[in-house]
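Have a look at the structure below, then the notes.
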Amino acid sequence: MKLTDRQKAIIEIVKSFEPITSDEIAEKLSLGKSTLRNDLAVLGMLEVLEAKPNVGYYYNYDFSPGEKREEFKSKLIKEVMGIAITARSTASYSDVLSKLFIYDVGTIFIVDEDNHLVGVTSRKDMLKLSRNAEADKLPIALAMTRVPNVVYIHEDDLVSDALRKIILHEIDCLPVVREESGGRIIVGKISKTTLIKILLEILEG
């Protein structure tokens, strides 16, 4: 896995100032702590960095891919996926907007009457359509990315495949699907937040 320039900068900072906390690393990079959470989780998963509670990060001079990395690589999507919030393609903009707030999610997956994936809409998509004075009466189909342009993953794929897709396509969430005659049924979702939590759990043992 190729490290990003920011991850390389984090490594150099840790080497120079270890032990160092995430707050101190963020300050030296002039970034928010939350911005670095994903990078620190990845570096921990790869065993480049070691973290000690109430102390900070250390550089692992014996760095080599180990058990933690293998544990992450072997996890399947169906072991960690969450519940997908869906809406019918015939639903109105206002109905789908309500679901965003009720379930406190950033993505709604759009399905047909057979629960087959036909599109996906996000808060950003909804915000764009909200500029239309008649938005409440419009169908959600006007504010969604349609299949085949939706990036998805299968339940028996690896978690590492999901991480790769999310990074490559710069998206926050993937629908988890199962192939069947006539289309793809949504069986769950995998989000960037879920992946970060998995990495942190592995890092912290």
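In this text, all values refer to a predicted model and were calculated from it rather than measured experimentally.
- Remark: Y93 engages no residue in a ring pair (Phe, Tyr, Trp, His ring centres under 6.0 Å) (not counting sequence neighbours).
- Listed by chain and residue number, nothing satisfies the salt bridge (charged side-chain N to carboxylate O under 4.0 Å, His left out) test with D157 (two or more places apart in sequence, or in another chain).
- Partner L174 forms a side-chain contact (heavy atoms from CB on, under 4.5 Å) with one of V176, I171, V177 and no other, that one being I171.
- Under the rule for a side-chain contact (heavy atoms from CB on, under 4.5 Å), the partners of R146 that lie at least two apart in sequence or sit in another chain are A141, M144.
- Scored by the side chain to side chain donor-acceptor pair (under 3.5 Å) test, K33 finds no partners at all (sequence neighbours excluded).
- D172 meets the side chain to side chain donor-acceptor pair (under 3.5 Å) test with K192; sequence neighbours excluded.
- Contact of the M126 side chain with the I140 side chain is registered, since non-hydrogen atoms from C-beta on lie closer than 4.5 Å.
- Here the closest non-hydrogen pair linking I77 and A162 is CD1-CB, 3.6 Å.
- Within the 4.5 Å cutoff, side-chain heavy atoms of I185 are placed close to those of H116.
- Going from atom OG1 of T145 over to atom CG of D125 covers 5.0 Å, rounded to the nearest 0.5 Å.
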Less than 3.5 Å apart, which donor and acceptor atoms pair up between the side chains of residues 99-111 and the rest of the protein, not counting sequence neighbours?
residue : atom : partner : partner atom : Å
K99     : NZ   : T86     : O            : 2.5
D104    : OD1  : R123    : NH2          : 3.4

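- Side-chain contact check for D161 versus R164: some heavy-atom pair is nearer than 4.5 Å.
- Note: I83 CD1 to I186 CD1 = 13.0 Å, rounded to the nearest 0.5 Å.
- With sequence neighbours excluded, no residue forms a side chain to side chain donor-acceptor pair (under 3.5 Å) with D23.
- A9 meets the side-chain contact (heavy atoms from CB on, under 4.5 Å) test with L29; sequence neighbours excluded.
- Under the rule for a side chain to side chain donor-acceptor pair (under 3.5 Å), the partners of E24 that lie at least two apart in sequence or sit in another chain are T21.
- Taking the side chain as every heavy atom from C-beta outward, T4 and V42 never approach each other to under 4.5 Å.
- Residues that satisfy the side-chain contact (heavy atoms from CB on, under 4.5 Å) test with E79, not counting sequence neighbours, are K75, L76.
- Contact between V96 and A91 at its shortest, heavy atoms only, is CG2-CB, 4.0 Å.
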Contacts under 3.5 angstrom, residues 147-155 side chains, donor-acceptor by atom type, not counting sequence neighbours:
residue : atom : partner : partner atom : Å
Y152    : OH   : R184    : NE           : 3.1
Y152    : OH   : R184    : NH2          : 2.9
H154    : NE2  : E179    : OE2          : 2.8
E155    : OE1  : R178    : NH2          : 3.2
E155    : OE2  : R178    : NE           : 2.6
E155    : OE2  : R178    : NH2          : 3.3

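- Note: the hydrophobic cluster containing L97 does not contain L127 (ILVMFWY, side chain heavy atoms under 4.5 Å, direct or indirect links).
- With no hydrogens or angles considered, no side-chain donor-acceptor pair links T193 and S191 at under 3.5 Å.
- Side-chain atoms of D95 and S98 include no donor-acceptor pair closer than 3.5 Å.
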Pairs of donor and acceptor atoms involving the side chains of residues 13-20, under 3.5 Å and at least two apart or interchain, shall be tabulated with distances.
residue : atom : partner : partner atom : Å
S16     : OG   : E12     : O            : 3.0
E18     : OE1  : Y59     : N            : 2.7

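- Residues L163 and V80 fall within the same hydrophobic cluster, defined by Ile, Leu, Val, Met, Phe, Trp and Tyr side chains chained together at heavy-atom separations under 4.5 Å.
- Hydrophobic clustering, with ILVMFWY side chains joined whenever heavy atoms are under 4.5 angstrom apart, keeps L117 apart from I166.
- Looking only at side-chain heavy atoms (C-beta outward), Q7 and V48 stay at 4.5 Å or farther from each other.
- Remark: I190 CD1 to L195 CG distance equals 4.5 Å, nearest 0.5 Å.
- Note on V159 and I167: same hydrophobic cluster, where clusters join Ile, Leu, Val, Met, Phe, Trp and Tyr whose side-chain heavy atoms are under 4.5 Å apart, directly or indirectly.
- To the nearest 0.5 Å, the span separating CG on L49 from OG on S22 amounts to 11.5 Å.
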